[in-house]
Amino acid sequence: MKVESNLNSGRTEPLLRVTGLSQQFVQRRTLSRSKFTVNAFSDVDLALFAGRTLALVGESGAGKSSLARCVALLDQPTAGKIELEGRDLLALGRKALIPIHGQIQMIFQDPTSAMNPSRSAGEIIAEPLVVQGEGTKAQRRERALHLMEQVGLDPRSEGKRPFEFSGGQRQRLAIARGLALGPRVLIFDEVLSNLDALNQSLILRLLADLQRSHSLAYLHVSHDLRLVSEFADDVALMCEGRIVEQQDARKLFESPKHSYTRDLLATVQSVDSILLERSA
Amino acid sequence: MGRTHIWAKCAALGLAVACLGAPTKARAGQASDDRMVLEGVPGHAGGRLVVALRSEPKTLNPVLAVDEPSREVIRCLSADLIHINRASLKTEPALAKSWNVSRDGRQYTLQLRRGLRFSDGAPFDADDVVFSFQVYLDEKIDSTQRDLLVVGGKPITVVKVDQYTVRFEMAQPYAAAGRLFDGVAILPRHLLEASYKGGGFSEAWNLSMAANQFAGLGPFRLKEYVPGQQVTLERNPYYWKADRAGNPLPYLGEVMFLFVPSEDAQVIRFQAGDTDALSRFSSENFAVLQKQQGTKGYHLDDLGPGLEYNFLFFNLNDLGAKNLPEIAKKQSWFQDLRFRQAVSAAIDRDGIVRLVYGGRATAIWDQVTPGNKLWVDDKIAHPKRSVERARELLQSAGYSWKNGALVDPRGKAVEFSILTSASNAQRTKIATIIQDDLSQLGITVQVVPLDFHAMVDRLQSSYNYEAAVMGLVSGDADPTSEMNVWLSNGETHLWHPNQAKPATPWESEMDGLMEKQLVTLDYAKRKQLYDRVQEIVAEELPVICLVSPNILVGAANRVGNFRPAILVPYALWNIDQLYVQ
Amino acid sequence: MRDCWARPVGDCLETLLAVKNLNVAYRSADGSTQVAVENASCEIGAGEVLGLMGESGCGKTSIALALLGLLGAEQAQVSGSIQFRGKELLTMGEREMREIRGSGISMVFQEPGIALNPVMRVREQVAEVIHAHKQMSWEKCQEEAQSALVRVGLPDTPRIFSAYPHQLSGGQRQRVTLAQALACEPALVIADEPTAAVDARSQQELLRLLQQLQREMGIAILMISHSAEVQARLADRLMVMERGRIVEQGRFEELYRRPSHPCTRAMLRAPMAADDAEELDFATVT
Amino acid sequence: MTHRQKLVGALVLLAAFQFLILFAGFFAPYGFAAQDREQPFAAPTTVHFWDTQGHFHLRPFIVDSESSEARVYPVRFFVSGTPYKIAGIIPAQVHLFGVEQPGRIFLMGSDAYGRDQFSRFLFGGQSSMLAGLIAALLSVSIGILVGGIAGYYGGWVDELLMRGGELFLALPWLYLLFAVRAALPLHISQWEVFLLLVSVMGLIGWARPARLIRGVVLSAKQRNFVVAARGFGASDAYLLRRHVLPQTYGVLLTQMTLLIPQYVLAEVTLTFLGLGVGEPLPSWGTQLASLQQFYVLSSYWWMFLPALLLIPLFLVFYAAADALQEIHKTVAL
Amino acid sequence: MTRYLTRRLAHAALLLLAVSVFSFALLQLAPGDFFAPLKLNPQISARTVEGLRAQYGLDRPWPVRYGHWLRGVFHGDLGPSFAYNSPVAPLLAVRARNTLLLTGTAMLWAWLIAIPLGIVSAVRRGKWSDRAGGVVTSALLTIPDLVLFLAILLLAVRSGWFPTGGMVSTAFGELSGRGRAMDIAYHLFLPALALAIATLPALVRHIRSAMIEVLQAPFIRAARAHGISEYRVLLRYALPVAANPLISLFGFSVATMLSASLLVEVILSWPGIGPLLLEAILAKDVYVVLGTVMLSSVFLVLGNLVADLLLFAVDPRIRMES
């Protein structure tokens, strides 16, 4: 049921548009104080549409996470623009940016480290509301319980601490927190890679449901092309800090243009094909 | 720091007792053997004596040395013209074989021994004496001894009469002049003149110089200095004394001073047999050493009270110019004689003797201790401690008690603080006992231990104190060494120093008495005058004298001719006669 | 009582390792115990690859550590029976056990980045393993180590041999740990998620290499991985674990085609019935 | 035994000890300043249950052999004696135990002034523990301020503050203590002087805790949940207060428990320099400081008793610190 | 590397400069100067004291004196000692050598004892021997250094086995070269032992925890899984990795060692900078104090620098980055 779309067609205005985004790190070596710059990524253009998932794919070290963090407004890019419905976010001051944070949320790879171990699940989910000063305490709790239910967690476990949940549950907790402020853009940074196959599919199902019901725009960072093929509407391939190919998912899988993409696709084999190969 | 606060040097002003002056006729002839012959049991030559010093000598320059360790070493390296015999406390010939005093008591003519040589072999004569005094008296050198040599406001003048005769002249008659030469080391002109003239004298003879740069007339000469560890002296082969058997002195081949920074460590090393003699240590350590006296090869001596006196005094300064209203208010108590008497009566001197000194001290009621046999005044009363008497005195002065606390006639509760030196455990203990004693009178006392420099600053400059516990040691038994303490314009007139004119009649009387004894030649008359000073101190209580600790010494049994004295240096004054078995 | 149904049909392999009723319970700081493996039984024949699948934290790694006797008494309670070539490992002395480790049973760890000593050259790390099991001079061990490194497909250059782990890429590091595991030609290699930490291309190369070496050397492998693709490439038989229990085992293809347990189905990403998913959502899966 | 049990055990022991100290007036048979000038350095009194005939007495007694004829004094309980104030407020004069005058019971011997060491030990605990607490609190609070800022903001601020810390470690602070003592007015009580000096020591001692806290903050601020909270638009103040600083609590508590004994011991050094508690107020520092004199060390073994009593007490502190550290570690996992 | 070194040295110089300024200012805080007590000497007039003050420039404001001192430092002149009438530098040199001998020996011993102890208790973690060791080290930690040193002194006095102070015996001058070395070693034993014991417990605890941390590392488990003997695991695998935090610890421990050595030197009469400093502090011989403080800061800075260089030598991860 994926909608046919072309990124460049501009049929609908993108919700979030990233243009010419670059980031450089100035690094120091431990024992020598000489500085050198590292390009985390450069000249990246992306467009996120409501109700659609853009998968950002690449090998580790390609700069995907740095890019995601910049788009999530967690890090400062060196150059470029991030526009939310045409509004340049990077030009905003610190204060003006605070409510924007509620619109763009990021979910991290490791849910364990992304939650304060000494807080209860309810508190963790309600925290964004506290930060943004929304609602009364009772209202916030109510919302937290609702969110737990929404992501498939038992609301009765609101008092439990993160370490009392399993890996998959923790990731749901993180998603619930990400939803708390009612964002329009969600950014997932390798949220599936620490999970086993079963949980991966369950989480994917959850994400698809949420996207449908809230008309969310997803930026999904992943290194696993096979998984990406299951959920992505559009795919952007990243290699050494640059986007090498950006395409509608189906097109990309059927006829990759870039050699890098082809290489990468070659590694993806289904169980059936492997079994076939083995028996041969 | 121990008891070294007390700054009075062994070479102190003193009045040469007239009888001592009986001039021995200078022996004619240029006999190279102008040696001084000492009585006493002849000993064995050779061997080494090891002694501990509390800290390193800072310099071997007799002109500049101010600290006791330096002087201790310098004493072994140098000689003076006229010396105070530590055993008899009287003057005796030294480098000056004899001397004449002029009729008006202002001129001293000294005959020097002939044929003497410095420890480097260079001959000694009047030029060295003249040079030495020139240096001591030079204002630019800032010798701490200079002030001693200023009599009647003018420096002594020194004239070379011939190669072996010098004449000293003073601006006014000065009875104790003979004692004045004690400890004024004669310098080798041939070694020091260049640096003196060249302006480098303040650095001359510091310890970083090679041993052959030093020379003196003392029994020993420098052999080696190891920074932080020891200084070793060796026998001076040119020394000018001999024993009655004609053996050259000193007996000892070497004297080694080890630097042992604390009293406890000194005691331990003495106990371990590392050192041969020990002085300046507490009665507690005396008790520790005593326990093992039998098994270890040493013996201890308690010489009885020395010349140190510890006392409590109140701030009687004129605080008009200082902004110290709190203290100024309290001065109405301190200035009240009955208040001071009450405090004196309430203090348990015997308790101090027992608790602070383990019994090895003597309670005193004035500044002259029983150890100073020549000058002690037996008529001074020794009232027992009496809290009742103290209360009566306070009542008669209009004080009363409210809930057990003493209040003055104006209704203000009586409380004050006592300064002590933080580094002196004994005095802090004394202050604590006083605190407890006075609490029985309803007086609240704070003991404030300060580091010594801060305390001196308060006593001498800011006058920001209420009371203090201090001690002084007379460097000499003679009262002249105490002029600065009892004269109202003296700088060590602790309770109210540098007065323009005497603040009280009794201080004025003391001024008169002290000045008179200075120019009186007759011992009996001087004694009468000084007795009166003691009586004034006991009656007026400008300082409330408390206790005089005993002089405690120890020596290894192998040290012969060991005859400790109550005058500094207690144990080693006759080091030229000491020997080891 | 042997689970004959689980043997590969027609395969008459000699039993290399037999695990019976293995229980592992960890002791926690407050004195209580936490069960990690419950009554697990399985067998591995010589030269056979047994896949072990399960969601994370289901006890896969605990089994591996128990097999190697690496769970200290103060750390965990281990009971049951583990027989390797007919010898009981659980009651074996430490010295004997040490000889089996590395030369009888060896292990490839999940993250080579932390399983290698950061301050030791890789050749020496391999040589250490050889040195521990063969009576050879240190120089000889180093030479052996070099050939072991070459055998796992690392370039034959001194730069690699004398490199420190952080100077190598992830795939190269994993090859070093593989060289360590294979250096003494063990009968059984436990591979704990050997490809999880490397990128897709290296993953494939590594699996191919493993497959090739397994065939050449005739070693048995206990392949622990939650990836169906990895298992498909190597595993002869598969064992699925859930919460410390073995819920299903059998020939890989059979389980893939006809999984009987919902967990197996989910793991292998076989088509799943909707009601199964609902059931899993709250109750089983986490 | 788990770390939590260990911690609870340690805390219970500490609380019991604090109770003893708080009610020193009741547990101590004498006032802290009561001198007995006849009995300086009296050995600890032996408490007997059996008399010379070998009969057992339920009521313990002591024998005074100092005086010419030996006298027996039974130990009495809940006797009235020197008045004191419970917790510094309510006046009382009942003591747990005591003997009739002129008998004296010195459970730990007497000091140079014939004061009861046991009583002084209990009273001394009041000043020493308070001093340790104040100094430790000061060090830790400055440490958290400086370390928090340095760790959180990093960059040149961090560099500056940490170099400042190094500088602080190298300076001769003794002079400051001298100066403070010398500059204080004469009238303020010994107790205030003492607290002030101890506070100065506490103020000076921030560098080490700051360094530790900086380390924790540095790693804390990079943790994902802090980043995540930043993603909700949280301000620096919020992050510090809610996420970063709470992570330092474990280190802080551990530091506190370690610093308290250290400052109690530092007070010994103060006393060594004559800057400690003024007589006659007691403190553990003054009690230990008397050991510095060789004659005390070699002649009166009971003067070691306060030092020996402190060892188990400090051990409890260290045990608590260890447990805290472990608990903190497991929580952080 | 050289670039790094020069930067580090520049930092160190800056730190030393700051230490000197602040120390100088602190030294002025406490009232009274070296010559103040002379005022109490009945025989010395106030004029003489003022003369002495002027001679040493104490009558000038402290920033002026500081500038003067600083200028001197660049010419190797650390200012004069009032007490010794001599420049500070030569005074310090000999004592610094002695202090280095003492602390160096003690440090060597402490580490030689602490490393095996720390390793053993880390390996036997939780066993009774580890617990007993923990109690002993904690108990040692709780004993004030002062009391410990005095107890050691008491032992020397009571037993008579050891010299009770000093660096050489009185007959040192007559000894042969070898005899001299033996004599110094004999005198060194007790103070170095005292110092080693004082620093030992903290070291053992640190080494233990560093080792425990390393022993929990996955590569240790991997080494065990490869059948490598426990002995080799410890020495070849764990120790070189644990060396990293320990070397940093070494840098810090220089400071601890120096402050502890001050007490040891005073109590056991070791002729190092300790007694000199104490004496100078009490006498307010400010340039000596300043020189000593600067010297110990230099030691401190050097300790850290040496630690960094060692780290560089030992840890290939650091080495490779530059």
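A note on names: the letters A, B, ... follow the listed sequences, proteins ahead of strands, and every chain is numbered from 1. Values in this document were obtained by computation on a predicted structure and should not be read as measured data.
- Nearest heavy atom pair, residue A/Ala114 against residue D/Ala228, reads O-CB, 4.2 Å.
- Both the backbone and the side chain of A/Leu74 come within contact range of chain D, each with at least one heavy atom under 4.5 Å from a heavy atom of that chain.
- Within 6.0 Å of CZ in D/Arg241 there are more than 12 heavy atoms belonging to other residues, nucleotides or ligands.
- Highest contact tally toward chain D, considering only A/Gln109, A/Gln132, A/Arg161, A/Arg119, is held by A/Arg119 [criterion: heavy-atom pairs under 4.5 Å].
- Across all non-hydrogen atoms, the minimal contact from D/His243 to A/Asn116 is ND1-ND2, 2.9 Å.
- Other residues, nucleotides and ligands contribute more than 12 heavy atoms inside 6.0 Å of the CD atom of A/Glu164.
- Among A/Pro183, A/Ser113, A/Ala180, the residue with the largest count of heavy-atom pairs under 4.5 Å with chain D is A/Ser113.
- Nearest heavy-atom pair, D/Phe232 versus A/His101, reported as atom, atom and distance to 0.1 Å: C-CB, 3.6 Å.
- Contact of the A/Arg69 side chain with the D/Val227 side chain is registered, since non-hydrogen atoms from C-beta on lie closer than 4.5 Å.
- Around the CZ atom of D/Arg208, the shell of radius 6.0 Å holds no more than 12 heavy atoms that belong to other residues, nucleotides or ligands.
- We find the CD-OH distance between A/Glu127 and D/Tyr238 to be 3.5 Å, quoted to the nearest 0.5 Å.
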